[in-house]
Visitor: 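Submitted below is the structure of interest, expressed as structure tokens.
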Amino acid sequence: MLDPKIIRSNPEQVAAQLVKKKYVFPVAEFESLEVQRREVQVRTESLQSERNTRSKSIGKAKAAGEDITSLLSDVNDLGTQLEEAKAALAKINVQLDDILLGVPNLPHEDVPEGESEDDNVEVRRWGTLPTFDFDPQDHVALGNRDSAMDFESAAKLTGSRFVVLQGKIARMHRALIQLMLDTHINEHGYNEIYVPYMVNRDSLMGTSQLPKFEEDLFKVPFGERDYYLIPTSEVPVTNMVRDEIVEESRLPLKFTAHTPCFRSEAGASGKDTRGLIRQHQFEKVEMIQVVKPEDSWQALENMTANAENILKKLELPYRVITLCGGDLGFAAAKTYDIEVWLPGQDKYREISSCSNTLDFQARRMKARWRNSETGKPELLHTLNGSGLAVGRTLVAVLENHQNADGTINVPAVLQPYMGGVTVI
RNA sequence: GGAGGGGUGGCUGAGUGGCCGAAAGCACUGGUCUUGAAAACCAGCGAGUCGAGAGGCUCCCAGGGUUCGAAUCCCUGCCCCUCCGCCA
């Protein structure tokens with residue numbers, strides 16, 4: 001959520017900045033509601049004030065043993081007026097919240113203009129693209145050996161966009177997770193955390209998957225309410241600091257978690273239907289940082305480098321891009337995507353996304369720290385980044401390290417996690 | 001599933017209808033003392049919101065209700081703890 005004070009004091013400027021993100025902010029509607037809100041709020045509060053003072057005087061008169069019947073009749077119709085004012089105020093606030101919760105974060109000034117992913121700007125490349133003296137296969141063909149990557153069984157068990165992995169491929173998939181976690185823990189200073197794979201509405205509101213993106217989520221009815229399968233561990237991990245005031249000495253908080261992620265992919269029918277690229281269920285190792293505001297931009301650079309380090313270890317060529325305004329996510333002020341080279345598709349594909357949300361999520365979550373200089377609680381900054389999407393990493397390893405006979409060279413860094421096997 | 005006990009400020013915890021935004025302690029901040037520190041002593045210290053300010057309003061898990069007035073009484077829900085049963 002954006003700071004309502006900033007929106008109130010300068011709605012046109014906010015609207016102008018949001019144009020970059022292809023969002024039309026309803027300035028006129030907002031301002032007219034604000035005028036009403038202010039008027040009704042002032043009226044409500046003065047009525048409350050009146051009621052409070054009168055109630056106090058009744059209490060005093062009663063204590064003094066005086067007759068209070070006339071005082072009671074004076075206060076009679078105050079209650080109804082107050083009820084009406086309160087109801088009117090609540091109604092206006094609901095409308096204002098609807099607007100405010102639907103406004104995306106402001107893009108950072110570095111963020112390039114642009115409509116879509118075609119306008120994203122490349123920052124750097126790493127690695128040399130592999131060359132093959134044979135026709136490289138894609139991961140679906142490579143995984144088909146011994147039914148190690150089995151989409152048909154998954155379709156039988158559940159439906160489309162799921163997979164069954166078996167044998168060495170399943171082991172490599174698991175090995176990748178271990179490598180990622182160990183690297184983030186031992187080399188990058190993250191704290192491992194295990195979290196629920198289902199969350200409540202409040203958590204999803206906090207990180208801003210709700211109320212706007214409900215159709216992307218799997219909902220699980222539970223008694224009178226609903227739980228939701230997490231679309232990313234960003235949700236449970238970031239919400240650790242919801243409604244908390246974090247001691248300054250504990251900052252920065254750096255968490256890494258391995259979880260499955262569940263996405264309905266409602267808006268992606270027909271897209272990436274082949275293979276492992278876009279599934280309803282996939283594994284991801286996530287990095288979350290909760291930092292002082294002054295540290296968040298440096299943290300974004302570091303987190304991106306942490307994700308890149310995994311690709312370097314796996315000897316996978318990649319490039320880093322800055323998302324343009326039109327491609328930027330709802331909560332993000334700036335996002336670096338890392339795209340890995342996939343020989344089977346002959347192009348770079350997203351494998352990580354690292355974002356700084358500034359205080360956007362923190363404001364929704366009331367996630368604060370106590371600033372020792374001011375002595376006051378202030379909003380934190382939150383960042384999240386994939387380090388990395390495991391399924392897509394598996395795809396990249398298979399395709400980049402394949403041999404003519406369809407076998408795969410296991411990257412040296414992964415071999416200890418696979419019992420020393422060098423080729424699968 | 002059954003029985004009982006709870007949810008109060010950063011933390012612990014008192015508070016059963018008005019004198020309570022809320023005792024006390026811890027933590028924190030400032031001061032006295034000290035070469036310095038610790039200890040001791042003194043003082044300050046919840047959050048949000050409206051307002052130029054004075055000050056107002058809201059918040060004692062959440063949502064309803066009773067009342068002129070609710071942290072306090074009633075109802076519903078959520079969560080935590082103890083015991084019993086069941087169980088991976």
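Throughout, protein chains are lettered first and strands after them, A, B, ... in sequence-line order, and every chain is numbered starting at 1.
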Visitor: So which protein nitrogen or oxygen atoms get under 3.5 Å of nucleotides 71-76 of chain B's nitrogens or oxygens?
Guide:
none

Visitor: Could I get the full list of side chain to side chain donor-acceptor pair (under 3.5 Å) partners for A/Thr382, not counting sequence neighbours?
Guide: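 With sequence neighbours excluded, A/Thr382 shows a side chain to side chain donor-acceptor pair (under 3.5 Å) to A/Thr357, A/Gln361, given in chain and number order.
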
Visitor: How would you list all residue pairs meeting ring pair (Phe, Tyr, Trp, His ring centres under 6.0 Å) that involve residues 39-67 of chain A, not counting sequence neighbours?
Guide: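 As it turns out, there is no ring pair (Phe, Tyr, Trp, His ring centres under 6.0 Å) pair with a partner in residues 39-67 of chain A once direct neighbours are skipped.
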
Visitor: In a table with atom names and distances, give each donor-acceptor pair under 3.5 Å that connects a side chain of residues 52-64 of chain A to protein atoms at least two apart or in another chain.
Guide:
{"from": "A/Asn52", "atom 1": "ND2", "to": "A/Gln48", "atom 2": "O", "distance (Å)": "3.4"}
{"from": "A/Thr53", "atom 1": "OG1", "to": "A/Ser49", "atom 2": "O", "distance (Å)": "3.1"}
{"from": "A/Thr53", "atom 1": "OG1", "to": "A/Glu50", "atom 2": "O", "distance (Å)": "2.9"}
{"from": "A/Arg54", "atom 1": "NE", "to": "A/Glu50", "atom 2": "OE2", "distance (Å)": "2.9"}
{"from": "A/Arg54", "atom 1": "NH2", "to": "A/Glu50", "atom 2": "OE2", "distance (Å)": "2.8"}
{"from": "A/Ser55", "atom 1": "OG", "to": "A/Arg51", "atom 2": "O", "distance (Å)": "3.1"}
{"from": "A/Ser57", "atom 1": "OG", "to": "A/Arg54", "atom 2": "O", "distance (Å)": "2.8"}

Visitor: Whole angstroms only, please: what is the CZ-P distance between A/Arg250 and B/G10?
Guide: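 Roughly 15 Å, once rounded to whole Å.
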
Visitor: Ignoring hydrogens and geometry beyond distance, is a side-chain donor-acceptor pair present between A/Ser249 and A/Glu247 at under 3.5 Å?
Guide: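 Judged by distance alone, the side chains do not pair up.
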
Visitor: Could you check how far CG of A/Leu379 sits from P of B/U49, rounded to whole Å?
Guide: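 After rounding, the reported distance stands at 9 Å.
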
Visitor: Are the side chains of A/Leu379 and A/Phe360 in touch, meaning some heavy atoms are under 4.5 Å apart?
Guide: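 The answer is no; the side chains never approach within 4.5 Å.
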
Visitor: Taking NZ, NE, NH1 and NH2 as the nitrogens, is one of them in A/Lys219 or A/Glu214 under 4.0 Å from a carboxylate oxygen of the other?
Guide: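 Looking at A/Glu214 together with A/Lys219, the answer is yes, because their closest N to O distance falls below 4.0 Å.
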
Visitor: Atom CG of A/Asp243 and atom P of B/G9: how far apart are they, to the nearest Å?
Guide: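 Distance check: A/Asp243 CG to B/G9 P gives 12 Å.
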
Visitor: Is it the case that A/Ser353 and A/Asp337 place a side-chain donor and acceptor less than 3.5 Å from each other?
Guide: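 A/Ser353 vs A/Asp337: donor-acceptor pair found between side chains.
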
Visitor: Atom CZ of A/Arg37 and atom P of B/U49: how far apart are they, to the nearest Å?
Guide: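 For the pair A/Arg37 CZ and B/U49 P, the rounded distance is 11 Å.
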
Visitor: Have a look at A/Leu72 and say if it touches a base, only the backbone sugar-phosphate, or nothing, with a 4.0 Å heavy-atom cut-off.
Guide: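 Here A/Leu72 touches the bases of the nucleic acid.
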
Visitor: What nucleic acid atoms does A/Arg43 come within less than 4.0 Å of, heavy atoms only: base, sugar-phosphate, or nothing?
Guide: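 Nothing, no nucleic acid heavy atom in range.
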
Visitor: CG of A/Asn93 versus P of B/C57: gap in Å, rounded?
Guide: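 Computing the A/Asn93:CG to B/C57:P distance gives 18 Å.
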
Visitor: When both hydrogen-bonding distances must be under 3.5 Å and the geometry is Watson-Crick or G-U wobble, what is B/G4 paired with, if anything?
Guide: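 By the stated definition (distances under 3.5 Å), B/C81 pairs with B/G4.
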
Visitor: In whole Å, I'd like the distance from the CZ atom of A/Arg51 to the P atom of B/G69.
Guide: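 The distance from CZ of A/Arg51 to P of B/G69 comes to 7 Å, rounded to the nearest Å.
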
Visitor: A/Asn52 side chain: which of B/C19, B/C57, B/C79 is closest?
Guide: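 Looking only at side-chain atoms, A/Asn52 lies closest to B/C57.
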
Visitor: Quick one: look up who B/U58 pairs with, Watson-Crick or G-U, both distances under 3.5 Å, and put none if it's unpaired.
Guide: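 The base-pairing partner of B/U58, which may sit in any strand shown, is B/A47.
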
Visitor: Which part of the nucleic acid, if any, lies within contact of A/Lys366, taking any heavy atom under 4.0 Å across all strands shown: a base, the sugar-phosphate backbone alone, or nothing?
Guide: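 If one applies the 4.0 Å heavy-atom cut-off, A/Lys366 turns out to touch nothing in the nucleic acid.
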
Visitor: Answer yes if the side chains of A/Ser296 and A/His381 hold a donor-acceptor pair under 3.5 Å, and no otherwise.
Guide: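 Distance-only check passes for A/Ser296 and A/His381.
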
Visitor: Out of B/G51, B/C78, B/G18, which nucleotide sits closest to the side chain of A/Arg38?
Guide: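 Nearest listed nucleotide: B/G51.
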
Visitor: Which nucleotide in the list B/C57, B/C79, B/C68 gets nearest to the side chain of A/Ser49?
Guide: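 Looking only at side-chain atoms, A/Ser49 lies closest to B/C57.
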
Visitor: Nearest to the side chain of A/Lys5, which nucleotide is it out of B/A47, B/U49, B/C19?
Guide: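 Of the options given, the side chain of A/Lys5 lies nearest B/U49.
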
Visitor: Measure CD/A/Glu45 against C1'/B/U49 and give the value in whole Å, please.
Guide: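 Distance check: A/Glu45 CD to B/U49 C1' gives 7 Å.
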
Visitor: Give every donor-acceptor pair under 3.5 Å between a side-chain atom in residues 413-424 of chain A and any protein atom, sequence neighbours left out.
Guide:
{"from": "A/Gln415", "atom 1": "NE2", "to": "A/Val410", "atom 2": "O", "distance (Å)": "2.9"}
{"from": "A/Tyr417", "atom 1": "OH", "to": "A/Asp182", "atom 2": "OD2", "distance (Å)": "2.7"}

Visitor: Counting the atoms with a prime plus P, OP1 and OP2 as sugar-phosphate, which does A/Lys376 contact under 4.0 Å by heavy atoms, base, sugar-phosphate, or nothing?
Guide: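 Counting heavy atoms under 4.0 Å across all strands, the contact made by A/Lys376 is with sugar-phosphate only.
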
Visitor: Counting side-chain heavy atoms from CB outward, which of B/G18, B/C79, B/C50 is closest to A/Gln41?
Guide: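 Selected nucleotide: B/C50.
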
Visitor: Under 3.5 Å between N/O atoms: give me all the protein pairs with nucleotides 59-66 of chain B, atom names plus distance.
Guide:
none

